[in-house]
K.L.:
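First, the structure itself, so that you have it in front of you.
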Amino acid sequence: MASESFRVPHLGRRRLLGGAALAGLGLGSAGCAPTRVAAVPRSETAKVSIVGVPNERFLIPQDLPKLVQEFEAAHVRRQRFLASQGGTRRPEGAMLAVSGGGEDGAFGAGLLCGWTEQGTRPVFDLVTGVSTGALTAPFAFVGSARDAHLRAVYTDISPRDVLETRWLGAALVDDALADNAPLFRTIGRYLDEAMLAQIAQGYAQGRLLLVGSANLDAQIPVTWNIGAIAASGHPEALPLIRKILLASAAVPGAFPPVLIDVTVDGKPYQEMHVDGGAFTQLFLYPRRFAEMHRGERVLSSRAYIIRNARLDPNWASVDRRMLPIASRAISTMIASAGYNDVVRVWNTTRQDGVEFNLAYIGAEFTETYAEPFEQAYMRKLFDYAYVKARNGYPWAKDPP
């Protein structure tokens, strides 16, 4: 065993992803990999069952029709609930998408808490999340009553609440450079039975909470219907949701993939899931749902996008060596993909007549950190977003 532990490199999630990818390229064939239960055969992927409800998740794009049906059913439930509350028509609703961004998730947390303080934060009909956005999404969905917990997740934790460093040899023989078991325990402290019941109640009222992960075996994005899982009554619903959130934030190579136990015709298998950002860093609603109801009032009238990242270029002087050049290129692709996701949602909402509102880390925020998930940095970023939101956040109407 080596005498010195591995330390996650400085300069943020883009660099971390790039470094992890390079480690996988250079070292993937060495040593003995950890074992697992057999992967689901390709022909059986669509037959998987976990908690026994048919709408527990959607494989994209093949399950897009089923996802549209889920939005249809949610719309009906929402109308019934509002009618039971004395409403004569659907009020102006709001949708929220929260992106990935690692420790920069403190931005979205601060914004939501400051928005509550400002007094205009709506109850969201739809909340989606990817990566760190998946960790924020349940708090945003449940509502302002959980703001104290949301604040704690991003300001009271330290690196030891997120990861355990591994020996340098882990790059040769293990499944990741660090262990995210502490993050799983952190998720468990806040996502409890009471929160599960609140999520199920929101689902019954016609509201949707969706989280994205990446199925590495099948090489497809998965949209998890967290509300339906919470409402299933299955004894494994809570542990499964905790695993889904962990999987959505499992940066490949940096953190271990999450193995989810599944069955096909009663036979056990395991699926390997990682950070949903491998496919998309944020998403909102299926375009087909809007197209089927052109001219009808079925979508919320406002969409709010929280991009837990900067959107201006991250300038750096790159060493003329292979590893720095390759790492920089990978981080550039990740940043570009994140911006393109914002533009994609903007185009969709514009065509569907939905008001677009975008928040992101501005160039005026210049704080840095020495290690990922550094508490001092996350507190400053949280406070930055909190103050801006408390004073009335200047939502951008177009991507910069």
Side-chain angles (χ1 to χ4, degrees), residues 51-58 66-98 112-113 115-116 119-129 133-150 190-212 223-234 237-238 240-242 244-245 283-286 289-290 292-293 296-306 349 352 354-355 357:
V51 296
V53 293
N55 59 341
E56 60 194 11
R57 66 179 192 173
F58 308 96
K66 289 173 56 179
L67 180 58
V68 170
Q69 290 174 10
E70 183 66 19
F71 272 76
E72 297 274 6
H75 173 64
V76 172
R77 292 197 307 276
R78 192 66 178 153
Q79 292 297 92
R80 289 174 179 168
F81 171 74
L82 294 173
S84 73
Q85 302 301 301
T88 57
R89 66 184 183 88
R90 182 186 180 97
E92 289 194 5
M95 300 176 282
L96 174 69
V98 191
L112 286 165
C113 292
W115 198 354
T116 296
T120 61
R121 176 175 157 185
V123 174
F124 298 108
D125 295 331
L126 168 68
V127 178
T128 69
L135 304 181
T136 301
F139 296 97
F141 182 80
V142 167
S144 303
R146 288 273 178 167
D147 278 4
H149 291 168
L150 177 60
Y190 295 100
L191 183 53
D192 53 16
E193 291 284 355
M195 193 172 191
L196 185 76
Q198 290 175 310
I199 294 171
Q201 181 183 44
Y203 180 76
Q205 295 171 356
R207 300 165 55 227
L208 293 176
L209 172 59
L210 306 176
V211 165
T223 298
W224 296 90
N225 194 353
I226 303 300
I229 296 171
S232 70
H234 196 283
L238 183 58
L240 174 61
I241 293 173
R242 289 169 175 168
I244 292 167
L245 300 187
F283 66 100
L284 201 53
Y285 59 85
F289 176 64
M292 291 171 57
H293 294 276
E296 298 179 47
R297 184 77 176 282
V298 295
L299 285 170
S300 302
S301 59
R302 294 165 292 158
Y304 293 94
I305 313 302
I306 297 178
T349 55
D352 295 333
V354 175
E355 179 186 309
N357 300 274

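Computed from heavy atoms alone, side chains included, the values below leave out hydrogens, waters and symmetry copies.
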K.L.:
Taking side chain as C-beta onward, heavy atoms only, is Ile241 less than 4.5 Å from Pro138?
P.N.:
no
K.L.:
Show the numbers, then the answer: is there a side chain to side chain contact (heavy atoms under 4.5 Å, CB included) between Thr120 and Trp115?
P.N.:
CA-CA 7 Å; Thr120 61; Trp115 198 354; 3.2 Å; yes
K.L.:
With sequence neighbours left out, write down each residue that passes side-chain contact (heavy atoms from CB on, under 4.5 Å) with Ala94, or none if nothing qualifies.
P.N.:
Pro122, Phe124, Arg302, Tyr304
K.L.:
Please report the shortest heavy-atom distance between Met292 and Val68, naming the atom on each side.
P.N.:
SD-CG1, 3.5 Å
K.L.:
So Leu299 and Tyr285, do their side chains get closer than 4.5 Å, heavy atoms only?
P.N.:
yes
K.L.:
Checking side chain to side chain contact (heavy atoms under 4.5 Å, CB included) for the pair Lys66/Glu70: CA distance, chi angles, key distance, verdict?
P.N.:
CA-CA 6 Å; Lys66 289 173 56 179; Glu70 183 66 19; over 6 Å; no
K.L.:
Hey, could you give me the CG/CZ distance between Asp352 and Phe289, rounded to the nearest 0.5 Å?
P.N.:
10.5 Å
K.L.:
When rounded to the nearest 0.5 angstrom, what distance separates CG in Leu209 from OH in Tyr203?
P.N.:
11.5 Å
K.L.:
Calculate, to the nearest 0.5 Å, the distance between atoms CD1 and CD1 belonging to Ile199 and Ile229 respectively.
P.N.:
10.0 Å
K.L.:
Which pair of non-hydrogen atoms, one from Met195 and one from Tyr190, has the smallest distance, and what is that distance?
P.N.:
SD-O, 3.6 Å
K.L.:
For a quick test of reading the model, state the closest non-hydrogen atom pair linking Leu150 to Cys113 and the distance between them.
P.N.:
CD2-SG, 4.2 Å
K.L.:
For Ala228 versus Val53, what's the shortest heavy-atom pair and its separation?
P.N.:
O-CG2, 4.5 Å
K.L.:
How far does CD1 of Ile244 sit from CZ of Arg57, to the nearest 0.5 angstrom?
P.N.:
8.5 Å
K.L.:
Which residues pass the salt bridge (Lys or Arg N to Asp or Glu O under 4.0 Å) test with Asp192, not counting sequence neighbours?
P.N.:
Arg146
K.L.:
So among Val127, Ile226, Leu126, which one has a side-chain contact (heavy atoms from CB on, under 4.5 Å) with Leu210?
P.N.:
Leu126
K.L.:
Looking at every heavy atom in both Val211 and Ala134, which two are closest together, and how far apart are they?
P.N.:
CG1-CB, 3.6 Å
K.L.:
Out of curiosity, Glu56 CD to Ser232 OG, how far, rounded to the nearest 0.5 Å?
P.N.:
8.0 Å
K.L.:
Out of curiosity, Phe141 CZ to Gln198 CD, how far, rounded to the nearest 0.5 Å?
P.N.:
10.5 Å
K.L.:
Can you name the side-chain contact (heavy atoms from CB on, under 4.5 Å) partners of Gln205, sequence neighbours left out?
P.N.:
Arg78, Phe81, Gln201, Arg207
K.L.:
Decide yes or no on side chain to side chain contact (heavy atoms under 4.5 Å, CB included) for Arg121 and Leu112, but give the supporting numbers first.
P.N.:
CA-CA 8 Å; Arg121 176 175 157 185; Leu112 286 165; 3.9 Å; yes
K.L.:
Name the one of Thr128, Leu208, Leu284 that satisfies side-chain contact (heavy atoms from CB on, under 4.5 Å) with Met95?
P.N.:
Leu284
K.L.:
If every non-hydrogen atom of Val298 is compared with every non-hydrogen atom of His293, which pair is closest and at what distance?
P.N.:
CG2-CB, 3.5 Å
